[in-house]
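Down below is the structure, laid out as structure tokens.
Numbers here are sequence positions counted from 1. Since we're looking at a predicted model, the values are computed, not measured.
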Amino acid sequence: MSDKAQLILEGKTYEFATLEGSEKEKAIDINNLRDASGYITIDSGYKNTGATKSAITFLDGEEGILRYRGYSIEDLAEQATFLEVAYLLIYGELPTQAQYDDFENKIRRHTLVNEDMRKIFEGFPVNAHPMGVLSSLVSAMSAFYPDSYDQNAPDKTEDHIIRLLAKMPTIATWSFKKSQGHPVNYPKNDLDYCSNFLNMMFALPVEEYKPDPVVAKALNKLLILHADHEQNCSTSTVRLVGSSKANIYSSISAGICALWGPLHGGANQEVIEMLEEIKADGGDVAKYVDMAKNAKTTGFRLFGFGHRVYKNFDPRARIIKKAADDVLSTLGINDPVLEIAKGLEEAALHDEYFVSRKLYPNVDFYSGIIYRALGIPTNMFTVMFALGRLPGWIAQWKEMRANKEPIGRPRQIYTGAPLRDFVPMNAR
Ligand code: CMC
């Protein structure tokens, strides 16, 4: 692209190169702006700031398009396994059968978690939020694999990637088991990725448990739909932390913390709690739509609605809504909050407030209803999101390192006090 951007400041004209991505998104390269002009840009919340060039995920928020490495989310959710998608995100291409078998086998062989990690886990209170536990234990993994932070050790990134994918589901199930007063289950390596997770969640020593293929298939789909979403808050966190050359476990742990927030992945827990509240309050959907419209005074937002980038339907929400219908009817579950959710969506989509602000249901709106049907408790919903997002975080971390990106370090406009004289304690 040959166009130059011109900026006139204090009567002087500056020129900046522009660039274009493979899907024709355009950017102005302001790398030398401050050196040339003394100015920086301010963009709180990074609404217009591209922090990186990435070849992993393409998202068009106006058109409602999401693709991983060029493949549509619709095709992947319908036809791929989660590990196939993980491979695609991390290594750039869909695996051949041989590559897939090798990848899956390596993951199977690393599902067991060091028993000393269990001792750390035992120290958490029974009601600890599973997201806090997960981020702590993923960070603790660096202590068990010190070559992850030894800058002089040979690069073992590939081993750490396998360990993260293999062990995070095992760790994730511990919190649920403890909350039930049940013993934790060890992984069963003859099971596929999703069935193994379900087995660790729901098997009991006293009776046979067979993971339901319908449930495993639904879980596979949900994990794929969450697997990457370009430079969102948690992924940007992973890249930023990793840019200081922090190890992969610490970087992913930081991403888990960012995901936990209710404006990001934590919204899936908030949605079900909100739907339950509406149900307990008599199911008056219009009342809650009104409250959300007056968010500035009520402080209430419709969780699962709105998105920084999607100004059209979130394509993931569309797939998940259909999957929720399918899963509930196949499992013969009648969840009254599904009807409330549909009523809320219907009311919001016809309301001027939501229409004019382009607020549509997002990925978190219907996902919790499926998780619940699968038997996953509310406080584990965001953990499920984290398990799905893991390959995306890994792929983005790996790309950032491979591209030798510089340490992330935004600037600021200082608004504090100018230089002043120190005042001794007895004179304050
Ligand atoms: N309910 C009511 N009003 C809303 C909502 C909502 N859920 N979301 C945005 N608005 C309004 C907001 O009040 C503002 O109105 P006004 O122009 O009058 O000031 C306008 O819409 C724009 O909102 P914003 O907060 O400036 O938009 P943002 O891009 O900074 O925030 C968001 C995006 C996702 C944080 C926000 O829509 C939100 O808080 N949604 C609820 C939480 C949620 O569901 N998060 C999950 C996002 S998808 C999962 C993921 O993170 O990947």
Side-chain angles (χ1 to χ4, degrees), residues 106-151 153 156-189 191 193 196-205 223 234 237-238 241-242 244-261 264-266 269 376-391 393-394 397:
K106 279 191 201 140
I107 291 172
R108 277 179 208 271
R109 285 207 314 275
H110 285 84
T111 50
L112 207 56
V113 176
N114 191 307
E115 287 294 310
D116 285 338
M117 288 271 288
R118 281 270 301 288
K119 292 186 192 146
I120 301 175
F121 169 72
E122 292 308 333
F124 284 99
V126 68
N127 57 355
H129 195 287
M131 282 297 276
V133 174
L134 186 66
S135 71
S136 307
L137 292 181
V138 168
S139 183
M141 282 176 77
S142 60
F144 292 82
Y145 306 105
D147 52 9
S148 64
Y149 56 80
D150 180 353
Q151 306 292 331
K156 293 277 181 57
T157 299
E158 290 306 313
D159 294 351
H160 302 309
I161 289 174
I162 295 295
R163 287 192 186 108
L164 276 162
L165 289 165
K167 296 181 201 300
M168 224 167 89
T170 310
I171 294 169
T173 62
W174 291 351
S175 291
F176 173 61
K177 283 305 195 189
K178 185 163 175 166
S179 72
Q180 303 293 298
H182 293 162
V184 303
N185 285 319
Y186 285 94
K188 267 189 154 181
N189 288 352
L191 295 174
Y193 197 78
N196 184 35
F197 174 77
L198 292 169
N199 191 67
M200 288 189 286
M201 281 288 282
F202 301 118
L204 292 170
L223 294 180
S234 57
T237 301
V238 169
V241 173
S244 75
K245 298 259 186 290
N247 68 80
I248 192 165
Y249 299 107
S250 309
S251 307
I252 301 285
S253 165
I256 295 170
C257 293
L259 186 74
W260 191 3
H264 192 9
Q269 172 169 350
I376 294 164
T378 313
N379 70 354
M380 286 282 291
F381 289 0
T382 317
V383 168
M384 302 309 296
F385 194 150
L387 293 179
R389 184 55 53 88
L390 179 61
W393 288 332
I394 291 171
W397 188 93

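In this structure, the side chains of L134 and M168 come closer than 4.5 Å at one or more pairs of heavy atoms. By the 4.5 Å heavy-atom criterion applied to side chains, I120 and F144 are counted as neighbours. Contact annotation: the side chain of S253 never approaches that of S136 to less than 4.5 Å [non-hydrogen atoms, C-beta and beyond]. Between M131 and F385, the closest side-chain pair of non-hydrogen atoms is not below 4.5 Å. Side-chain atoms of I376 and F202, non-hydrogen and from C-beta on, do get closer than 4.5 Å to each other.
Remark: the backbone N or O of R108 is paired with a side-chain donor or acceptor of N189 at under 3.5 angstrom. Counting only distance, with no hydrogens or angles, the side chain of N379 and the backbone of H129 share no donor-acceptor pair below 3.5 Å. Y193 places a side-chain N or O within 3.5 Å of a backbone atom of L165 that can act as its donor or acceptor partner.
Shown here for A172 and F197, the closest heavy-atom pair between the two residues is CB-CE1, 4.3 Å. Looking at every heavy atom in both residues, S142 comes nearest to Y149 through O-CE2, 3.3 Å. Closest non-hydrogen pair, I107 versus A166, comes out as O-CB, 3.2 Å. Nearest heavy-atom pair across V238 and G255 is CG2-CA, 3.6 Å.
Here the NE2 atom belonging to H264 is positioned 7.0 Å from the OG1 atom belonging to T237, to the nearest 0.5 angstrom. One distance of note links OH of Y145 with CG of L164; it measures 9.5 Å at 0.5 Å rounding. L259 CG to L390 CG: the interatomic distance, rounded to the nearest 0.5 Å, is 11.0 Å. The distance from the CE atom of M380 to the CZ atom of F176 is 7.5 Å, given to the nearest 0.5 Å. Atom-to-atom distance recorded for I252:CD1 and R389:CZ is 11.5 Å, nearest 0.5 angstrom. Atom CG of N185 and atom NZ of K177 lie 5.0 Å apart (nearest 0.5 Å).
Counting only N and O atoms by type, the side chains of W260 and S135 include no donor and acceptor under 3.5 Å apart.
The side chain to side chain donor-acceptor pair (under 3.5 Å) contacts involving residues 157-175 comprise Y91-E158, D147-H160, D155-T157, H160-R163, H160-Y249, where partners must be two or more places apart or lie in separate chains.
One finds a salt bridge joining R118 and E115 here, because a Lys/Arg side-chain nitrogen approaches an Asp/Glu carboxylate oxygen to under 4.0 Å.
A cation-pi arrangement is not found for K178 relative to F124, the charged atom failing to lie both closer than 6.0 Å to the ring centre and inside a 45° cone about the ring normal.
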Evaluate the side-chain contact (heavy atoms from CB on, under 4.5 Å) criterion for residues M141 and N247: first the C-alpha distance (whole Å), next the side-chain angles of each, then the deciding distance (0.1 Å), finally the verdict. CA-CA 10 Å; M141 282 176 77; N247 68 80; over 6 Å; no
